[in-house]
Structure formats: C-alpha cells, structure tokens
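I have placed the structure first, in the form of structure tokens, so that the comments after it can refer back to it.
All residue numbers refer to positions in the sequence shown, counting from 1. Note that this is a predicted model, so its numbers are computed, not measured.
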Amino acid sequence: MSPPNRRRIAPWLGVLALAALVVVAWRPLVGWFFGATSHTGTAPATHDAHGGAGTPLPDAALEYTRAAFESYEAARALLARDAMDGLAARAGELQTALQQAAEATQGDGTPLAAWLQQGAEAASRLASAKDAEAARQHFARVSEALIALASADPRLQEGWHVFECPMVDGVNQWLQREPTLENPYMGRRMLACGTPSEWRAAAPTGAHGEGDIAHYTCPMHPSVKQHGPGACPICGMDLTPVSRAELESGIIRVDDLRRQRIGVKTAPVTQAPMDLSLRALGRVTFDEKSLVDVTLKLDGYIHELRVNATGEPVKKGDVLFTLYSPELYAAQQEYLLARQSQSAANASLVGAARKRLALWGLSAAQIERVAQRGQPVENMPFLAPASGYVLEKNVVEGAAVKAGERLFRIAPLAKVWVEADVYEQDLARVKPGQPVEVTLPYLPGKKYAGRVGYVYPSLQGATRTGRIRIELPNPELELKPDMYADVRFVLQGGARLQVPDSAVIYTGPRRLVFVDLGEGRLRPQEVKLGLKGQGTYEVLEGLSPGDVVVTSGNFLIAAESRIRSATDSFGGSHAAH
C-alpha cells in the first residue's frame, strides 16, 4: 500500500480499535468509576438485591438455607397429600440446615439470624407433631420464616413460587417449586385452593408489638381479609385493621349494628354475696312416727261398725266398733266370779282376771263398768287409741276377725313430713338443722319455715338423688299427704366473684366467656368456675371485678369467631378450615 493510502486509513483503524476497547471493557470501567463490585452468574448483585434494606446472608449461610428450602419442599409435599409418614425426618433435616445457617451468621450482625432461629424452632416442633392439624400449625411458622428470608435476600427466590390460602387465618402463605397449586394447609380436601402471592417480610415472632397489623377485615363481613387497607368488596365499608396481638388472643370485632341484630347483651362481673340456695321438688307425706294401727288380740265378730269410711277423722277414745267374742265374754264372767269371793286367795284371781281383760284391749274404765254392772258385756266397744284420720279400713260390719289382723290405720296430721329429692352433687351442702322454705303450688305467696330433720343415708338408684326429710307443723291441715311442694334450702356463701350463668359457654372440659373490651372488640376468655348460685356461677380464675361479659348472643359470636389460640374447641388450627 502506498504511503498516502496508509496515512488515510490509519485514523479509521484507531477509531475502530477504541470502539472495540469500549465494548469489551465498559462494565469494569463503570464499576471502577462508581466503586461497585462486579458479580457473575444469574444471582443479582448484593446491593440491588436488598435495596439497601439489610445485610444479605453470608455465602455459607446461603447454602445451608437453600438446603433447608429443599427439605421444606419435601415436607410441604407430604402435607399436601395428608401424609405424616416421613414428615419427622424431613422436618429434622430442615431444623439442622437452619441451625447451621444461623451458626454461619454469628458475628456478621445480620438481622436475618432471628428468622433462621425462629424457623429452626418451628421445624423442631414440626418434627414432634402428633397429627396433621398440629403439623400444619408449625409448618405455617416455618413458611413465615423462609418467606421472610427470601424477601430479604432475593437470591433465595430463584426457582420458587409463593402462594397464599384465603381460607386460612394468620400465616397463610407457603412456598413450592412447581407453579401448580398444592395447598399444604388444606391437603386433599382443597388441594388447588389458593392464589399467587407476593414476597413480603414480617418481623420475627417476639418482635411484634400490639400495633403490628396482621390483616384488614370488614366488621360486617369477617370473612373478608386483605393485607392492606381499603373498602369491603361486599358492602363497601372501610376495612379495619386486626393486630397480631388480637389475632393470637382470638379477639373479634362486632359493630353495634351487628350486635343489635344478633341480640348481644352484656353484664358486669361483680363481687357480691352469693345466694347458694338449692331448690328441690318435695312431696308431703305422713309423719311415720305418729302412725297408729288398730289390731285385735283375740278372735271375734264385728257387731256394729261406728267408723265405716277411709279418711274419717277420729279422736282418741272414740268408739270404732263393737265386738262380740266368746273368749272375751267368758273372761268377763271369770272376772265377776272372782270378785264375788272376798277371800285372800281369790284376790290374786281377781287381779289375774282383770289383767287378762286389760291385755285384750279393754280400758280401765271399761273394766270398772263391767264390775259395776255385775254382768258381762256381750258386744264390747273398742276405742280409738289416737286422734287423727283413718288412713286404712280393712273391716266391715258383721265380719269375723282374727287375732293380729290390722283393722284400722290412723294417721295424725297435726305434723307432717316433706320429703325432697336433692341431686347427688348437692348433697354435701345440705346438713341436718339447716333452715328451709316450703311453698305449695296451690297456695302462691305462702311460705312454711322449717328445718332439715334427717338426711337419708342412701341414694335413689334410678334418679341418682338423695332424700331429705323436713318436719312441718300443720295446724290448719293445709299440707295434705301426696301434695307436691317446692323446697328451697337457704344457704349464704358470702362475698364471691360471680358471673351470670348465661354468659358461660361449655366447650368440652373448658368453660369460656366473651369479655367486652370496648370499641366492638370481644375476647374469648377461659374461666374456672366454682359453686352454682341462683342464676350465677362463682368465678375462681380468669376474670376480675368490673369485667364486662356477653350474656346473650354469645353462641352466635362463638360460631363466627373461629377462635385460635384461646381455645382448640372451635377448630383452632389451619386444618380446621
């Protein structure tokens, strides 16, 4: 090439060389100029990946965490199939990997160490879970930790998808490799339930304050849950925040309008004298100690029956009947013959004859009348031994009677018994001498005061009740045998903390009340109950004086509350949904 041509081409060759140098070396030059460090591979740069929000995981911790993600995926697949076999082994691997990652972060000062430690603790509990319900609870905590780690260090997000289940309260997100939904919280029941979600970090457990927001919900439609503020898609009302503290304690919100619709009423918990009186059903009966039977000690024939109907009143000494008895007639003759002789030997015969007549039921006046008359009485009258009413009459006029037969039973009614049946669990509170009040249904407003006379030592097998005897005077005969009576055993228990019995909800072995915290908030509270009063329960644990509890509509509130940590009785787990 000629020198002139070389001079013309040389500048263009220099320009082309400079352009090639810029194309090859512009990235290092820019990094040198701005002070940035170069990265290789597909992982984003440290600074860009975290946006300046925190320190990324060290390389060793990153590798252990990635291994933990793989063990997590195996545990998630098992729960999605409702399988428990092999879950403990996968959870053990997950725990080990997270613990090693946490150890690798020591001394680096990274805030992600808290999430690593929380995830390891949740994995330990997951490994010891006895059933799928408990396993899903602990799996949710592991998911929360891993998603927070991936949100802080996006290098962990590569190849993973995050989903959330709208049917689960609290932590409802999970990770999985495949984009096809396999819900570990619902299992085979609703395997495809869920929607794609976003990577979002939260504070580790124990770092939440009472103001940390778990989700936003509608007071009129508690099923609506969103991660941010907005309007209810059903009614258009502004959504209200629900804090994590409220969620963990089971607090629910019921606005005034909804309270009015479901009939919610409240009452304060009071410290006041407690009426421990017991009520029982009683029955009026005869005083068994005063019953009198009329029987004969010799054979004979009823000549004239003076008392011939059951229920007739008699007085002591009234003639019940007259009796003809050959034996009695002969005994009277012997008595009269012995009296005719005044010798000392016959004196003993007179006494023996007189004693025989007395033993056969003749009174002293009747024997004296025979002596004065000088002749035997053919039809001897027999007298009533006591005053009362004829309870039984087993004879008619002209009947032949034998010695030992019960002809009449007489029951005095000046004093009666009331026998009451008390339930087995209340028997220990009833003592002899205790005051009682007895009322009759047919005499409203009138009370009869008495005392417990006797507590029977055995129970009625069919009803599992104990019988109590009360003795009452009955001068006006208002208390008639076989009447029903209401019996109130008067007991005073002194000042005790009390709650209305309608406020208590029975959930198996537990007892719950809903405490009104104000501003529409209701919190389920487990209580320990003591004695049962008149419409109240004694509260031993769980409440304080001045607390306000729901007394009406609480069962509807319980049905909507979906209580979590406060009780397991309403399905307190992810699996329950």
For the residue pair [Y] / [X], report whether a side-chain donor-acceptor contact shorter than 3.5 Å exists.
X: Gln173; Y: Ser143; result: no
X: Arg523; Y: Gln525; result: yes
X: Ser277; Y: Arg488; result: yes
X: Trp115; Y: Gln117; result: no

Please report the closest heavy-atom contact between [X] and [Y], naming both atoms and the distance.
X: Cys193; Y: Pro166; value: SG-CD, 4.2 Å
X: Phe69; Y: Leu146; value: CZ-O, 3.6 Å
X: Leu79; Y: Ala135; value: CD2-CB, 4.1 Å
X: Ala420; Y: Val487; value: CB-CG2, 4.0 Å
X: Ala113; Y: Thr105; value: CB-OG1, 3.6 Å
X: Val549; Y: Ala503; value: CG2-CB, 3.9 Å

Between [X] and [Y], is any pair of side-chain heavy atoms under 4.5 Å apart?
X: Glu73; Y: Gln176; value: yes
X: Arg76; Y: Glu182; value: yes
X: Val513; Y: Val504; value: yes
X: Gln118; Y: Glu144; value: yes
X: Leu497; Y: Pro545; value: yes
X: Gln100; Y: Thr96; value: yes
X: Val430; Y: Leu278; value: yes
X: Leu156; Y: Arg66; value: yes

Say whether, by atom type as modelled, one donor and one acceptor occur between the side chain of [X] and the main chain of [Y] under 3.5 angstrom.
X: Ser552; Y: Gly263; answer: yes
X: Asp153; Y: Leu57; answer: yes
X: Glu538; Y: Leu531; answer: yes
X: Arg136; Y: Tyr185; answer: yes
X: Arg496; Y: Leu540; answer: no
X: Thr551; Y: Lys265; answer: yes
X: Glu526; Y: Leu512; answer: no

How many angstroms lie between atom [atom1] of [X] and atom [atom2] of [Y], to the nearest 0.5 angstrom?
X: Leu98; Y: Thr65; atom1: CG; atom2: OG1; result: 6.5 Å
X: Glu424; Y: Leu459; atom1: CD; atom2: CG; result: 5.0 Å
X: Glu121; Y: Leu116; atom1: CD; atom2: CG; result: 11.5 Å
X: Thr465; Y: Asp426; atom1: OG1; atom2: CG; result: 11.0 Å
X: Leu78; Y: Asp85; atom1: CG; atom2: CG; result: 8.5 Å
X: Asn172; Y: Cys165; atom1: CG; atom2: SG; result: 7.0 Å

If you count the non-hydrogen atoms of other residues, nucleotides and ligands that lie under 6.0 Å from CG in Asp131, is the total more than 12? yes

Take atom CD of Gln425 as the centre, draw a 6.0 Å sphere, and report whether it contains more than 12 heavy atoms from other residues, nucleotides or ligands.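 Correct, the count exceeds 12.
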
Angle between ring planes, Tyr72 versus Phe139, binned at 30° and 60°: parallel, tilted or perpendicular? parallel

Are Glu70 and Arg177 close enough for a salt bridge, meaning some N to O gap below 4.0 Å? yes

In sequence, state the C-alpha distance, the side-chain angles, and the governing distance for Gln498 and Val269, and then conclude on side chain to side chain contact (heavy atoms under 4.5 Å, CB included). CA-CA 6 Å; Gln498 305 173 51; Val269 180; over 6 Å; no

Testing Arg279, Arg464, Arg467 for salt bridge (charged side-chain N to carboxylate O under 4.0 Å, His left out) with Asp421, which one passes?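 Only one option passes, and that is Arg467.
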
Run the side chain to side chain contact (heavy atoms under 4.5 Å, CB included) test on Arg259 and Leu522 for me, step by step, so that the C-alpha distance in whole Å, both residues' side-chain angles and the decisive distance to 0.1 Å come before the verdict. CA-CA 11 Å; Arg259 285 190 180 204; Leu522 302 175; 3.3 Å; yes

Test of understanding: with ring pair (Phe, Tyr, Trp, His ring centres under 6.0 Å), list the residues that count as partners of Phe489, not counting sequence neighbours. none

Does the pair Arg155 and Leu62 meet the rule for a side chain to side chain contact (heavy atoms under 4.5 Å, CB included), with working shown? CA-CA 9 Å; Arg155 292 177 295 176; Leu62 178 63; 3.6 Å; yes

Show your reasoning for whether side chain to side chain contact (heavy atoms under 4.5 Å, CB included) applies to Arg188 and Arg81. CA-CA 6 Å; Arg188 296 183 181 276; Arg81 300 194 304 269; 3.7 Å; yes

